[in-house]
Amino acid sequence: ELIFVVDVSGSMDGAPLALAKATLREALAGMRPVDTFDVVVFAGRTARLFDAPRPASAEHLRRATEFIDGLAAGGGTEMADAVQSSLHGPVAAGRHRYVFFLTDGYIGEEAAIARGAQALIAAQRQLGRRARVFGVGIGAAPNSELITGLSRAGEGLPLYIRQSADIARVVNRFQRTIDAPIVTDLSVDWGGLAVDGVYPRAAPDLFASHPLVVHGRFKGPAPTSLRLHGKVDGRAVSFPIAITPASERGEEIGRAHV
């Protein structure tokens with residue numbers, strides 16, 4: 001279930017909105033008939049293409065294209081209502097909700113919006129539903145603080161589209177990211193180890209396209225046995241976690257390109 005949230009405020013006029021429209025068209029073209037989607041636009045107010053996510057049928061995609069073509073920039077940027085609108089309400093049975101905010105990010109409430117996204121993600125998780133939020137920075141100089149903060153709070157990835165040549169690469173990246181969850185409902189069994197400062201507090205799903213990294217601190221002797229628990233296709237699984245003391249590795253512990 002994909003929800004695309006598009007900034008149509010005055011600062012998006014011209015090239016940024018053109019990039020956002022082209023990105024939406026590329027993303028919709030890659031959807032499958034079994035997927036559902038909606039488009040939310042925000043400036044001084046929030047509006048939606050549909051009243052709820054609809055199947056990616058030919059008719060719904062045609063309506064989406066007409067809606068996107070008619071978008072025009074103007075007015076202020078009030079993003080908080082769009083955050084609430086895009087993550088409010090139940091996720092359809094058997095589906096995960098992925099939200100993509102396309103914006104240049106020129107607003108003055110970055111911290112409040114990030115906290116709102118984090119709270120909504122947590123609320124969905126408590127109800128047994130999953131959601132992720134991706135900040136997509138649009139234009140030559142987007143507000144990277146907002147894009148990064150929103151993506152971190154929403155357990156997504158910060159993405160940037162500064163020119164038309166970036167569109168296919170970015171769309172392909174987030175499609176690969178959301179398309180292949182390998183292990184879900186992850187948790188770390190610390191084996192009685194006293195741990196604090198764990199981030200993220202609740203581990204997101206593990207995807208094929210990028211690693212899952214959990215940070216934390218512990219006191220006392222190094223642990224000898226840790227395990228990772230989760231589910232694969234609904235079946236409970238458990239994996240041992242290899243422990244490598246800092247003295248036995250270099251400063252750089254790894255790098256992944258996706």
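Counting heavy atoms from C-beta outward, P158 and R152 have side chains that stay 4.5 Å or more apart. A heavy-atom distance below 4.5 Å is not found between the side chains of F101 and L146. Looking only at side-chain heavy atoms (C-beta outward), L186 and V214 stay at 4.5 Å or farther from each other. With a 4.5 Å cut-off on side-chain heavy atoms, S57 and R63 do not count as touching.
Classified by interplanar angle (parallel below 30°, tilted 30° to 60°, perpendicular above 60°), the ring pair F134/F100 is parallel.
For the pairing with H60, the ring pair (Phe, Tyr, Trp, His ring centres under 6.0 Å) check across F50, F37, F67 returns one residue only, F50.
The minimum heavy-atom distance linking P33 with P55 is given by the pair O-CB, 4.3 Å. For the residue pair A20 and V6, the shortest heavy atom distance occurs at CB-CG1, 4.1 Å. Shown here for A27 and Q175, the closest heavy-atom pair between the two residues is O-NE2, 3.6 Å. Nearest approach of G230 to V183, heavy atoms of both residues: CA-CG1, 3.9 Å. Heavy-atom minimum distance, L71 versus K21: O-NZ, 2.8 Å. Closest heavy-atom contact between Y160 and V170: O-CG2, 3.3 Å.
With respect to the salt-bridge test (charged N to carboxylate O, under 4.0 angstrom), the residues R173 and D166 do not qualify. Under a 4.0 Å N-O distance rule, the pair R62/E59 qualifies as a salt bridge.
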Just do the side-chain contact (heavy atoms from CB on, under 4.5 Å) check on I147 and T103 with the steps written out, would you? CA-CA 8 Å; I147 300 304; T103 178; 4.0 Å; yes
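To the nearest 0.5 Å, atoms CE (M12) and CZ (F42) are separated by 8.0 Å. Atoms OG1 and CD1, from T23 and I161 in turn, are 3.0 Å apart once rounded to the nearest 0.5 Å. Atom CG of residue L2 and atom CZ of residue R97 lie 10.5 Å apart, to the nearest 0.5 angstrom. In this structure, the separation between CZ on F174 and OH on Y98 is 12.5 Å, given to the nearest 0.5 Å. For the atom pair CG of L24 and CG of L19, the computed distance is 11.0 Å after rounding to the nearest 0.5 Å. Separating the OG atom in S187 from the CZ atom in R227 is a distance of 11.5 Å, to the nearest 0.5 Å.
Counting non-hydrogen atoms of neighbouring residues, nucleotides and ligands closer than 6.0 angstrom, the CZ atom of R95 exceeds 12 such neighbours.
Both I241 and V232 belong to a single network of hydrophobic side chains, linked directly or stepwise wherever heavy atoms of I, L, V, M, F, W or Y lie under 4.5 Å apart. Linking ILVMFWY side-chain heavy atoms closer than 4.5 Å, directly or via other members, places V213 and L157 in two distinct hydrophobic clusters.
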